[in-house]
**Q** 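The structure follows.
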Number of protein chains: 2
Amino acid sequence: MKDVAEQADVSKSTVSQYLNKRYSYMSSATREKIRVAIEELGYYPNQIAKSLKQKNTHVIAFICATLSSRFSLELLATIESVFQDAGYSVIIAATEDDPSKERSLINSFIARQVDGIIVFPTEENRDFYQKLQQRKFPVVFIDRLLDNVEIPSVLLDNKRAGYEATRELLKQGHQNIGIVTFPLGDNITTRVERIQGYKQALAKFNIEMNTANVISCLSNQVDTELTSLLKQKNAPTGLVLTNDILLEKTLMWVKRHHIKIPNELSLVGIDDVVFAQLFDPEITTLAQPITKIGVRAAKLLLKMLATDSSLIVEDYQYAPVLKQRNSIKSL
Amino acid sequence: MKDVAEQADVSKSTVSQYLNKRYSYMSSATREKIRVAIEELGYYPNQIAKSLKQKNTHVIAFICATLSSRFSLELLATIESVFQDAGYSVIIAATEDDPSKERSLINSFIARQVDGIIVFPTEENRDFYQKLQQRKFPVVFIDRLLDNVEIPSVLLDNKRAGYEATRELLKQGHQNIGIVTFPLGDNITTRVERIQGYKQALAKFNIEMNTANVISCLSNQVDTELTSLLKQKNAPTGLVLTNDILLEKTLMWVKRHHIKIPNELSLVGIDDVVFAQLFDPEITTLAQPITKIGVRAAKLLLKMLATDSSLIVEDYQYAPVLKQRNSIKSL
DNA sequence: TGTTTTTTGTAAACCGGTTTACTAAACTTC
DNA sequence: GAAGTTTAGTAAACCGGTTTACAAAAAACA
């Protein structure tokens, strides 16, 4: 910029005015001189320097649990597009649900002066987020919720999703229903609430829950867990798969074991994915309105950035969308 | 930092030394005083200010054509993980193959002082990249190549993928083979070379290419194009789908029209995706070694950043991996 | 013509760190 | 105890922009 100023024979300040299109302090001759100088020198401004002074970077961070689920990736695509249109860039990271990694990533992003964060939070970091909120740092929770933390959140109505998935099986006469979920020990609301919905649905149909029917494991254990559950003498006749990864693993297992769906086993998935529709038979699922969730979260954060008030506390829970297909046998 | 310095009753310089763990200029008493002051003030350093002086940000950009293909997203997951381990953050964007958007995104990332870029380049921006290379700005091409531009690239051996996919059909006796690709007009090497491979395979088997068998369209036109191609009297008996999105659209079309695979139509896809394995029958594909490609590109860029020399010109073309399944009928 | 007002522009501080060149004090060495 | 060497630490310039307060020149006005 100094070079441009010298070349155009004006001051640095004037060049800065020019770059910010504040032409009122400038004759058209000066304007032209600067334009030429910039052109000749191939000058382009350093956004970092600007950010330092102005205390904003027009960068936001999207921190998800994993980048290997379709859900996160579609969310990312949606969010990126909203922010790109708003002139923001998106920086990403995956925590693999490791709370300390989550904290260190967020701290490093804040050190990098991102303007805001959209994150899949974990329960263990409740205090950490509370502090962020007190410091009025703009954060939006997505996919998950932390009770008693005043940070806006956008997510699926998970209890309802668990409930409706289970009800689809119950309505067709299934009494003995299994459910597969990622580990419940981490207290991740998504998981806990889907299970709660499952319990509620059973209760509504006056069915006692059988804890042996709840498989809580990592994706690489789905195979053995399913095999051992399904070979029991009173094995469930229907299964709820609580996310896309678990549905995928289950379908792989189904193929390998040549199990007939829905005659030998009925299935319902949460998260709609392309292979649910391409499988034979097509799998009934409860879809998350991913685009709605992503757009809402992005706009919420943009609003927080614009109003500069972290006073916004809005919580959105979206209803799941039933995709009725052919993976449930009527008993 | 000034506050910390005052609180600890030392100079700003000393605090800076402390933060950078250059303890040699410091007594242990001073060290402790600074530690306490930082603790008390809850101070954390501003990375932007550091970047301004040090001229690096430890941020790189990943610019892909679209975030809706499985391929890009898996690549992203891989790349993000390598860079996270190396202490870098990844900023992302999608160009939708719009060359001017591509340029403006890259310019804005450079203005933001990213340390390097991994990009899916488009032909039209050849000159633009040439200039970047002359300025020694670290760029790695991924998935695609630009002839006569000395920028390292990491990609599938696309010609070979097209060749092998076609050969699988030819080997089973197919003579009349169609291929579906995204528009060829944009000169995107991935597309062009896969078609070249297709031609070469046909030539090898002494078969004249029939241009009517080449469908070049966007994903929302696949349906009508396939319908019109396949209803002709000498319709192809086998089809090569040149990427995951086209395979998905084709499988949807197949289901809707109740076409028996492979009896009524044989299929081979390029890009292995989970639904290829879950479909009935399982679809034969040529997989890209996505992890290898991603890791290689990431490490290449890291190397360029470390050696500070844009003198590295390495081109990697990875062989596709045949996943032989049951979607080809033997004639 | 002298006084205001407007136009055009600048100097200098600032953002929050890093780094270089320099020095006072303490310690060795002979 | 003089000279040399370490140790511990600082002042000030710098990175590349923005912004505020101030001012000279030109234009308008009386």
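We name chains A, B, ... by the order of the sequence lines, and we start the count at 1 in each one. Reckoned from all heavy atoms, side chains included, excluding hydrogens, waters and symmetry mates.
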**Q** When you check the side-chain N and O atoms of B/K33 and B/Q7, is any donor under 3.5 Å from an acceptor?
**A** no

**Q** Check the distance between C/dT18's P and B/I48's CD1 and give it to me in whole angstrom.
**A** 13 Å

**Q** Please say which of B/Y129, B/Y316, B/F120 ends up in a ring-ring contact (aromatic ring centres under 6.0 Å, His included) with B/F141.
**A** B/Y129

**Q** Do the side-chain N and O atoms of A/R35 and A/Y18 include a donor-acceptor pair separated by under 3.5 angstrom?
**A** no

**Q** Using a heavy-atom cut-off of 4.0 Å across all strands, would you classify B/V10 as base, sugar-phosphate, or nothing?
**A** sugar-phosphate

**Q** State whether B/Y43 places a side-chain N or O below 4.0 Å from either non-bridging phosphate oxygen (OP1 or OP2) of C/dG17.
**A** yes

**Q** Which of the following nucleotides, C/dC15, C/dT10, C/dT19, is nearest to the side chain of A/T14?
**A** C/dT10

**Q** Taking CZ from B/R31 and P from D/dT7, how many angstroms apart are they, rounded to a whole number?
**A** 14 Å

**Q** Figure out the CG/C1' separation between B/L19 and C/dG17, and round it to whole Å.
**A** 9 Å

**Q** Phosphate oxygens OP1/OP2 of D/dT19: is one of them under 4.0 Å from a side-chain N or O of A/R22?
**A** yes

**Q** Taking NZ from B/K50 and P from C/dC15, how many angstroms apart are they, rounded to a whole number?
**A** 20 Å

**Q** Report yes if at least one side-chain N or O of A/S16 is closer than 4.0 Å to OP1 or OP2 of D/dT18; otherwise report no.
**A** yes

**Q** So does B/Q54 get a side-chain nitrogen or oxygen closer than 4.0 Å to the phosphate oxygens (OP1/OP2) of C/dT19?
**A** yes

**Q** Looking at D/dG17, does its base get a donor-acceptor pair with the side chain of A/K12 below 3.5 Å?
**A** yes

**Q** If I take atom NZ in residue A/K55 and atom P in nucleotide D/dT19, what distance separates them, rounded to the nearest angstrom?
**A** 12 Å

**Q** What integer distance in Å separates A/Q17:CD from D/dG17:P?
**A** 14 Å

**Q** Would you kindly compare B/S28 and A/A49 by the position of their nearest DNA chain D nucleotide and give the one closer to the 5′ end?
**A** B/S28

**Q** Between the side chains of A/Q113 and B/Q47, does any donor sit under 3.5 Å from an acceptor?
**A** no

**Q** Nearest whole Å is fine: how far is D/dT18 C1' from A/Q47 CD?
**A** 12 Å

**Q** Would one find more than 12 heavy atoms of other residues, nucleotides or ligands at under 6.0 Å from atom NZ of A/K292?
**A** no

**Q** Between B/N20 and C/dT18, is there a contact of a side-chain N or O with OP1 or OP2 at under 4.0 Å?
**A** yes

**Q** Mind calculating the distance between CD (A/E32) and P (C/dG9) to the nearest angstrom?
**A** 13 Å

**Q** Nearest to the side chain of A/S13 - C/dG16, C/dA12, D/dG17?
**A** C/dA12

**Q** What's the closest nucleotide to the side chain of A/M1 if the choices are D/dT18, D/dT10, C/dG17?
**A** D/dT18

**Q** Could you tell me whether the phosphate oxygens of C/dG9, OP1 or OP2, come under 4.0 Å of any side-chain nitrogen or oxygen in A/T30?
**A** yes

**Q** Using 30° and 60° as the class boundaries, would you call the ring planes of B/H58 and B/Y88 parallel, tilted or perpendicular?
**A** parallel

**Q** Counting side-chain heavy atoms from C-beta on, which of D/dC14, C/dT10, D/dT18 comes nearest to B/K53?
**A** D/dC14

**Q** When you measure from the side chain of A/S27, which nucleotide among D/dA8, C/dT19, C/dT8 comes out closest?
**A** C/dT8

